[in-house]
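To keep things clear, I will list the structure first and then write my remarks on it.
Because only heavy atoms are used, hydrogens play no part in the values below, and waters and symmetry mates are left out as well, while side chains stay in.
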Amino acid sequence: MPKYYEDKEEDGQACGGVREDLRQCLLESPCVLQENKSPKQCLREGHCRSLQMTFFACKRSMVSVCGAAYLPSFFLFSEEDHLDQ
């Protein structure tokens with residue numbers, strides 16, 4: 001569940017809330033805590049994938065003239081939605 005809206009100060013950065021959630025997810029993941037890997041390495045291994053995709057889609061919408069119109073459909077749905085198809 002995203003936490004970026006709960007008691008957070010505005011940092012003024014685009015997609016800052018999702019960035020913070022991704023950061024927290026990685027820092028609290030077993031990959032970092034138990035395997036002592038770096039958050040960057042855990043991200044490359046696929047941990048917190050849904051937040052990574054959400055962050056990418058948010059950043060992409062800031063660049064794209066038409067926003068999400070150019071995003072592939074897999075960025076617009078959760079993992080569970082893909083499993084049902």
Nearest 0.5 Å, what's the CZ-CE distance between Phe56 and Met53?
8.0 Å
Partner set under side chain to side chain donor-acceptor pair (under 3.5 Å) for Gln41, not counting sequence neighbours:
none
Separation between CD of Glu20 and SG of Cys25, rounded to the nearest 0.5 Å:
11.5 Å
Between Leu51 and Asp21, what is the shortest heavy-atom contact and its length?
CD1-O, 3.6 Å
Tell me, please, which residues at least two apart from Leu26 pass side chain to side chain contact (heavy atoms under 4.5 Å, CB included).
Leu22, Pro39, Cys42, Leu43, His47, Cys48
Is there side-chain contact between Gln34 and Pro30, with heavy atoms separated by less than 4.5 Å?
yes
Could you list all the salt bridge (charged side-chain N to carboxylate O under 4.0 Å, His left out) pairs where at least one residue sits in residues 38-48, not counting sequence neighbours?
Lys37-Glu45
